[in-house]
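Encoded as structure tokens, the structure appears first; notes follow it.
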Amino acid sequence: MSKGKCILAYSGGMDSTISVVWIKENYDLDVITLTVDLGAGPEIEGVAEKAKKAGAIDSVILDVKDEFVDEYIFPGLKAGAMYEDVYALSTAFARPLMSKKLVETARKYGAEYVSHGCTGKGNDQVRFDASIMTLAGDDSIKIIAPAREWGMTRDEEKEYANKAGLPIRDVGNNRVYSIDRNLWGLAIEGEDLEDTWEAPPEDAFSWTSSIENSPDEYEIVEIGFEKGIPISLNNKNKSGVNLIDELNIIAGNHGIGRVDHLENRLVGIKSREVYETPAAVILYQALAALETATLSREQQRLKSSLSTTFSDLVYDGRWFTSLRENIQAFMDDAQKFTSGNVKLKLYKGSSTVVGRKSRFSLYDYDMSTYSTTDSFNHASAEGFIDIYSLPARIQAKKQKYNDL
Ligand code: ARG
């Protein structure tokens, strides 16, 4: 009888390489690795060879960058989804897509197991497990989470890798942060960052310049949007992936996009998280600026209350839910007229909106101008205020609550 199969989400790192061996030994399964390219990582090179060397019978590599941007990142941007106002959800957006690819690949190979490398302490295990179980729709797919099950310390993992003859990089006494990255952002955790009082050391960062090293000249960038989706950079049309990649470099160079956050994890603990998300910072800021022109006050208010729910849904691993789709539908409809351009000035770690325009702008010069040629009806203001303040005046008179 042929062995059962397991599709393992594979980054090429030490943990996931050990997992290939560990799953074969402990579950007696054939392992097929799945590496999804979400951008911004050098990992793809040589990953298939590494997987085979560790004993995988096959390795699949999928470039999902466009799908990631079109189906996850941009809907999130449109929804204003910033977890706790600062985290652009780069890792959180990736997990449901990775889960989808795991389930699809499992179906293709007739595998009854899928596996991911999450530990038992983080959000990612919840996002993977919940997404996989929701998508698989039944219990035909079982989940193996080696790092949650094996209970090895870092040193024991190294020993296990040595015994299995796996090459591991000797990092000596250097800090080894836990890093997760894709084109929407880079998350850094662990080591000296676990002391919430210690400033992140300069060498923890890789996408952004320090303020000290950022250029002494400012730079203006112009971003064009169509229905809430960024489509151009400095008046040149770009694919979503290219636009994000380029903006990461431009804004990162000015020291923009560093985030140092004490974050509420879904599993109930607080965690020190450092992020580098230059493009995300600029794009959220630019879109919000454009919305000030294209949305009514009530649309803006409702949007911002739904943004919080949306970002919690993404963070909490509830991507594949009707509620997420419902809110996304609202955002799509609300952004129908959010087309136009925003100009930002980048300088020494901060970006400032310095201009916005839209063919659908609700800003009406003739109404708003302070010059005497305005078309605003000053006479009707008096009548408006009379009726507008009526309930407050009646209450004050009858109940004398604000007698002076
Ligand atoms: N705290 C973030 C989240 O839960 C990022 C996690 C990144 N993972 C990592 N191994 N560094 O989405």
Side-chain angles (χ1 to χ4, degrees), residues 8-19 35-36 38-43 68 72-73 76-77 79 81-99 115-131 145-148 152 154 157 171 174-196 200-201 203-208 257-281 284 308 310-320 324:
L8 166 69
Y10 187 67
S11 68
M14 182 169 88
D15 281 359
S16 63
T17 304
I18 294 177
S19 296
T35 307
V36 291
L38 296 151
E43 291 93 355
F68 187 41
Y72 297 80
I73 293 178
L77 170 66
M82 269 284 184
Y83 185 66
E84 302 189 329
D85 296 329
V86 292
Y87 168 38
L89 292 161
S90 45
T91 298
F93 281 126
R95 301 319 190 191
L97 175 55
M98 292 171 80
S99 302
S115 175
H116 59 72
C118 306
T119 65
K121 222 171 160 180
N123 301 311
D124 285 330
Q125 52 168 345
V126 184
R127 296 171 185 147
F128 272 117
D129 288 9
S131 300
R148 188 168 58 192
M152 288 191 272
R154 205 76 194 148
E157 284 180 32
V171 290
N174 287 343
R175 284 185 304 255
V176 185
Y177 294 113
S178 166
I179 290 180
D180 183 66
R181 88 180 135 226
N182 59 53
L183 84 169
W184 199 227
L186 187 152
I188 314 158
E189 296 170 334
E191 300 281 358
D192 40 10
L193 301 177
E194 289 175 354
D195 180 344
T196 61
D203 63 2
F205 297 102
S206 48
W207 286 10
T208 51
R258 289 188 179 186
V259 176
D260 179 350
H261 185 44
L262 196 55
E263 182 169 296
N264 289 300
R265 279 195 186 171
L266 175 58
V267 293
I269 52 179
K270 287 187 189 282
S271 162
R272 168 72 161 312
E273 304 283 327
V274 172
Y275 298 106
E276 293 183 274
T277 54
V281 164
Y284 275 97
T308 311
F310 193 94
S311 64
D312 285 350
L313 286 170
V314 176
Y315 190 83
D316 294 352
R318 294 182 194 274
W319 181 264
F320 296 109
R324 192 268 306 163

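Each ligand, and each atom within it, is numbered from 1 in the order the structure gives.
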Y87: ring pair (Phe, Tyr, Trp, His ring centres under 6.0 Å) partners, not counting sequence neighbours: Y275
- request: Output yes when a side-chain donor or acceptor of E263 lies under 3.5 Å from a complementary backbone atom of S271, and no otherwise.
  value: no
For ligand 1, find each of its N or O atoms that sits under 3.5 Å from a protein N or O atom, and tabulate the pairs with distances to one decimal place.
unit_1	atom_1	unit_2	atom_2	d
ligand 1	1 (N)	E263	OE2	2.9
ligand 1	1 (N)	E273	OE1	2.9
ligand 1	1 (N)	E273	OE2	3.4
ligand 1	1 (N)	Y275	OH	3.1
ligand 1	4 (O)	N123	ND2	2.7
ligand 1	4 (O)	R127	NH1	3.2
ligand 1	4 (O)	R127	NH2	3.1
ligand 1	10 (N)	S178	OG	2.8
ligand 1	11 (N)	S178	O	3.2
ligand 1	11 (N)	S178	OG	3.3
ligand 1	11 (N)	E189	OE1	3.2
ligand 1	12 (O)	Y87	OH	2.6
ligand 1	12 (O)	R127	NH1	2.9
ligand 1	12 (O)	R127	NH2	3.1

- prompt: In this structure, which one of V259, L193, D260 forms a side-chain contact (heavy atoms from CB on, under 4.5 Å) with I188?
  reply: L193
task: Let me see the working for L183 and I73 under side-chain contact (heavy atoms from CB on, under 4.5 Å), right down to the final yes or no.
output: CA-CA 10 Å; L183 84 169; I73 293 178; 4.0 Å; yes
query: Are W319 and Y72 near enough that their ring centres are under 6.0 Å apart?
result: yes
- prompt: Does a salt bridge link D124 with R265, judged by any charged N lying under 4.0 Å from a carboxylate O?
  reply: no
